Amino acid sequence: MQLNETIKQINADGLMPPRGKYSHVTIARGTAYISGQLPVNSEGQPVTSESFAVQAKQTLSNLDACLASAGLKRTSLVQVRVYLTDMSNWKEFDEIYGEWIGSHRPARAVAGVNALNHAAALEMEATAVVD
């Protein structure tokens with residue numbers, strides 16, 4: 001069997017199909033790689049004119065949709081990467097994230113960046129273990 005035969009690509013139900021050349025989730029060798037999720041609603045419209053909290057919750061909802069499409073849960077996450085265009089939103093993000101993630105504690109990185117697509121305030125990507 002060739003390596004690419006063991007790679008599965010999934011696009012999440014409830015999310016617009018990617019407009020670029022990528023999949024929402026790629027699974028390889030027991031690991032799920034979730035592409036960067038932005039605050040974009042199920043119709044594919046950015047919600048970037050909304051508050052930071054609304055953008056963060058939409059992004060987390062999109063991450064949930066990706067996990068569900070792969071048959072995974074938040075407790076499957078082993079690493080989460082967060083990109084913020086304004087680090088002053090860090091505390092608010094951490095509170096929203098804490099409510100979302102519960103007692104599970106995957107590794108996490110948060111980086112400040114200059115800009116994101118659609119002028120979003122944040123983007124998140126993640127890695128999860130597939131049982």
Side-chain angles (χ1 to χ4, degrees):
M1 181 179 298
Q2 294 195 26
L3 177 61
N4 62 355
E5 293 176 356
T6 65
I7 296 174
K8 182 178 182 181
Q9 297 169 332
I10 301 169
N11 287 323
D13 291 335
L15 296 182
M16 287 292 291
R19 294 181 182 156
K21 294 166 181 55
Y22 66 95
S23 298
H24 290 138
V25 182
T26 297
I27 298 174
R29 296 185 176 181
T31 303
Y33 302 91
I34 301 171
S35 293
Q37 297 300 306
L38 292 161
V40 175
N41 66 24
S42 60
E43 290 81 38
Q45 299 301 312
V47 296
T48 54
S49 61
E50 301 291 335
S51 69
F52 178 80
V54 168
Q55 291 188 56
K57 290 174 183 177
Q58 180 66 61
T59 303
L60 291 166
S61 176
N62 294 351
L63 193 56
D64 275 336
C66 290
L67 288 166
S69 72
L72 302 172
K73 298 179 181 178
R74 294 174 191 166
T75 54
S76 303
L77 291 168
V78 294
Q79 186 177 36
V80 176
R81 288 163 301 283
V82 184
Y83 306 97
L84 299 174
T85 58
D86 184 348
M87 289 303 288
S88 70
N89 288 322
W90 164 246
K91 184 178 179 185
E92 184 177 7
F93 172 78
D94 198 46
E95 290 172 9
I96 294 166
Y97 177 84
E99 290 174 16
W100 178 81
I101 198 68
S103 62
H104 184 57
R105 295 291 183 260
R108 183 176 72 182
V110 178
V113 297
N114 264 347
L116 293 166
N117 198 13
H118 305 299
L122 77 159
E123 183 171 353
M124 296 179 68
E125 62 177 324
T127 305
V129 173
V130 178
D131 294 327

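Heavy-atom basis, side chains included; hydrogens, waters and symmetry copies ignored. All figures in this text were calculated on a predicted structure; none of them were measured in a lab. When a residue number appears, it is its place in the shown sequence, counting from 1.
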If you look at every heavy atom in [X] and [Y], which pair is closest and at what distance?
X   : Y    : answer
Q79 : P106 : N-CB, 3.9 Å
P17 : H24  : CA-CE1, 4.3 Å
W90 : V110 : CZ3-CG2, 2.9 Å

Heavy-atom distance under 4.5 Å between the side chains of [X] and [Y], does that happen here?
X    : Y    : answer
R108 : D94  : yes
L38  : P46  : no
P39  : T48  : yes
T31  : V130 : no
T127 : I34  : no

> Can you list the steps and then say if L122 with T85 is a side chain to side chain contact (heavy atoms under 4.5 Å, CB included)?
Replying inline: CA-CA 6 Å; L122 77 159; T85 58; over 6 Å; no
To the nearest 0.5 Å, tell me how far [X] [atom1] sits from [Y] [atom2].
X    : Y   : atom1 : atom2 : result
S51  : E92 : OG    : CD    : 7.0 Å
N62  : L67 : CG    : CG    : 11.0 Å
S23  : K8  : OG    : NZ    : 11.5 Å
D86  : L84 : CG    : CG    : 8.0 Å
T26  : Y33 : OG1   : OH    : 9.5 Å
S103 : R74 : OG    : CZ    : 11.5 Å

Say whether [X] and [Y] are linked into one hydrophobic cluster, either directly or through other cluster members, by side-chain heavy-atom distances under 4.5 angstrom.
X   : Y   : answer
V47 : L63 : no
M16 : V40 : no
V80 : I27 : yes
L77 : I10 : yes
F52 : M87 : yes

> Is any NZ, NE, NH1 or NH2 atom of the basic residue among K57 and D64 found under 4.0 Å from an Asp or Glu carboxylate oxygen of the other?
Replying inline: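 Judged by the 4.0 Å cut-off on N to carboxylate O distance, K57 and D64 do not form a salt bridge.
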>> Quick one: does any side-chain atom of S76 pair with a main-chain N or O of L72 as donor and acceptor, under 3.5 Å?
In response: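 No, the answer is negative, given that no donor and acceptor are paired below the 3.5 Å cut-off.
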> In terms of the angle between their ring planes, are W100 and Y97 parallel, tilted or perpendicular, with boundaries placed at 30° and 60°?
Replying inline: tilted
> Going through the distances and angles, do E125 and Y83 end up as a side chain to side chain donor-acceptor pair (under 3.5 Å)?
Replying inline: CA-CA 9 Å; E125 62 177 324; Y83 306 97; 2.4 Å; yes
>> side chain to side chain contact (heavy atoms under 4.5 Å, CB included), that's the test. Do S42 and L15 meet it? Break it down for me.
In response: CA-CA 5 Å; S42 60; L15 296 182; 5.5 Å; no
>> Would D13 and S69 count as a side chain to side chain contact (heavy atoms under 4.5 Å, CB included) here? Give the steps.
In response: CA-CA 6 Å; D13 291 335; S69 72; 5.8 Å; no
